[in-house]
Number of protein chains: 2
Amino acid sequence: MEERSISDVIEAYLKSILGDDPRIEIRRAEIADHFDVVPSQINYVIKTRFNLQNGYLVQSKRGGGGYIRIERVNLLDDDDVLQMLIANIGEAISEKDAAKIIKTLYEEKLISRREGDLMLVGVAKQTLNQANKQAEERLRARLLVALLTRLRYE
Amino acid sequence: MEERSISDVIEAYLKSILGDDPRIEIRRAEIADHFDVVPSQINYVIKTRFNLQNGYLVQSKRGGGGYIRIERVNLLDDDDVLQMLIANIGEAISEKDAAKIIKTLYEEKLISRREGDLMLVGVAKQTLNQANKQAEERLRARLLVALLTRLRYE
DNA sequence: CCTTTCTTGACTAATTTTGACCTTAATCAT
DNA sequence: ATGATTAAGGTCAAAATTAGTCAAGAAAGG
């Protein structure tokens with residue numbers, strides 16, 4: 001691997017300390033200091049190289065004892081199915097169509113009955129309770145996409 | 001649990017002495033002294049980590065013989081607590097408080113890990129994506145109440 | 001060139017730590 | 001009994017400690 005930029009070096013470093021651990025926790029300032037870069041460069045590296053598409057989940061906390069946690073996740077085998085479903089949802093979706101998708105998830109055994117029921121409650125018109133139909137359908141789409149995205153990994 | 005800050009350490013300590021006991025009584029000054037922090041830090045730890053949303057009930061008494069009593073509440077054989085939790089959510093709730101509740105549901109085994117993860121995704125700020133904070137917190141409250149209500153009646 | 005990626009830094013946000021000041025309850029002296 | 005003293009715990013906000021965002025400028029690739 002040829003490291004052209006310091007970002008590449010930092011990426012390689014983080015991956016090396018990840019090693020066999022499923023997750024690591026770093027202090028942003030410490031890493032930045034170690035490579036003599038500004039702290040926000042760490043955010044850049046994480047944003048461009050440790051996102052879900054690349055199989056990583058990142059969480060962080062500010063304040064005293066703050067940290068950035070990087071976790072490697074396994075993307076599922078049927079990731080394609082989920083990505084297709086997500087692509088099909090688009091910007092807005094009706095309650096009926098959402099229910100169809102949830103039903104598909106259940107039939108494909110991607111979710112349990114109970115998970116499906118909870119999702120149905122979540123996307124219900126009454127729950128979202130938006131001012132107009134358009135807002136409601138957009139919100140429902142965001143919610144559904146977020147849920148499907150979460151299903152993409154274990 | 002990784003203890004990064006002294007607050008985390010105190011949290012872990014209190015949970016460890018809680019052990020199997022349903023409740024403990026501590027003297028604030030004593031704990032503060034033990035960890036060499038100011039007494040009000042104990043209040044901070046309790047406020048942020050031992051509230052109802054976290055599955056704890058706290059009572060205290062001032063003056064001579066004063067104490068702070070921390071009690072773990074049981075969601076399983078106490079439908080009242082679930083009701084209290086729902087009532088506590090009210091009209092609006094922050095993402096952090098919602099997350100605490102969901103975590104409690106998981107710890108009390110009312111929901112599975114995956115169900116909890118999906119719920120967390122649903123109530124996330126990014127998912128709801130409302131115009132202003134108030135709208136966001138109201139929507140989140142409706143969503144969470146709908147989900148909890150569903151759990152109550154299944 | 002032109003576009004994309006990287007680097008920097010000023011400004012912002014979240015969380016923890018600390019301390020000054022307040023309230024409540026028990027005990028003691030009269 | 002009553003008022004003073006002592007012994008808890010409570011509140012709140014400032015200061016300290018982390019991390020996040022965003023946009024401008026620099027560098028690298030095509």
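These numbers come from the heavy atoms of this one structure, side chains and all, not from hydrogens, waters or symmetry mates.
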### Query
Within the structure shown, what part of the strands sits under 4.0 Å from A/R69 by heavy-atom distance: base, sugar-phosphate, or nothing?
nothing
### Message
Output one letter per nucleotide in nucleotides 18-30 of chain C: B when a protein non-hydrogen atom lies under 4.0 Å from the base, S when only the sugar-phosphate is that close, - when neither is.
### Response
BB---BBBS----
## Note on the structure
Rounded to whole Å, CG of B/D33 lies from P of D/dA8 at a distance of 12 Å
Polar pairs (N or O, both sides) under 3.5 Å between protein and nucleotides 26-29 of chain D?
from, atom 1, to, atom 2, distance (Å)
D/dG29, OP1, A/R4, NE, 3.4

### Query
Does A/A92 have any side chain to side chain contact (heavy atoms under 4.5 Å, CB included) partners at least two apart in sequence or in another chain, and if so, which?
A/E137, A/R138
### Length of the line joining B/K133:NZ and C/dA13:P, which is rounded to integer Å
10 Å
Donor-acceptor list for residues 118-131 of chain A side chains, cut-off 3.5 Å, not counting sequence neighbours:
from, atom 1, to, atom 2, distance (Å)
A/K125, NZ, A/E136, OE1, 3.3
A/T127, OG1, A/V121, O, 2.8
A/Q130, NE2, A/L128, O, 2.9

### Task
Answer with yes or no whether B/R27 presents, from its side chain, a donor or acceptor under 3.5 Å of a partner atom in the base of D/dG9.
no
### Query
Quick one: A/K47 NZ to D/dA19 P, roughly how many Å, whole number?
18 Å
### Query
How close or far is atom P of D/dG10 from atom CZ of B/F50, stated in whole angstroms?
14 Å
### Query
Within the distance-only criterion (no hydrogens, no angle test), does the side chain of B/T104 pair as donor or acceptor with the backbone N or O of B/Q53 below 3.5 angstrom?
yes
### Query
If we only count heavy atoms from C-beta on, is the A/L76 to A/L151 side-chain gap below 4.5 Å?
no
### Pairwise side-chain contact, A/I10 with A/L14, heavy-atom cut-off 4.5 Å (strictly under)
yes
### Message
If I take atom CD in residue A/Q59 and atom C1' in nucleotide D/dG20, what distance separates them, rounded to the nearest angstrom?
### Response
15 Å
### Query
Can you tell me if the side-chain N/O atoms of A/S7 get under 4.0 Å from OP1 or OP2 in C/dT7?
yes
### Task
Could you check how far CD of B/E11 sits from C1' of C/dT16, rounded to whole Å?
13 Å
### Task
Could you check which of C/dT7, D/dT21, D/dG10 has an atom nearest any side-chain atom of A/N43?
D/dT21
### Task
Provide, to the nearest angstrom, the distance between the CD1 atom belonging to A/I42 and the P atom belonging to C/dT8.
11 Å
### Message
Measuring only between side-chain heavy atoms, which start at C-beta, is B/L147 closer than 4.5 Å to B/I111?
### Response
no
Less than 3.5 Å apart, which donor and acceptor atoms pair up between the side chains of residues 54-61 of chain B and the rest of the protein, not counting sequence neighbours?
from, atom 1, to, atom 2, distance (Å)
B/N54, ND2, B/R49, O, 3.3
B/N54, ND2, B/N51, OD1, 2.9
B/Q59, OE1, B/R69, NH1, 3.1

### Message
Let's see if you can work this out: which of C/dC6, C/dT15, D/dT21 has an atom nearest to the side-chain heavy atoms of A/R28?
### Response
D/dT21
### Message
Just to be sure I understand the rule, does B/I68 reach a base, reach only the sugar-phosphate, or reach nothing, if contact means heavy atoms closer than 4.0 Å?
### Response
sugar-phosphate
### Query
With side chains defined as the heavy atoms from C-beta onward, is the minimum distance between B/I89 and B/L148 less than 4.5 Å?
yes
### Summary
B/I46 atom CD1 is separated from D/dT11 atom C1', nearest whole Å, by 14 Å
### Message
Test of understanding: with ring pair (Phe, Tyr, Trp, His ring centres under 6.0 Å), list the residues that count as partners of B/Y13, not counting sequence neighbours.
### Response
B/H34, B/F35
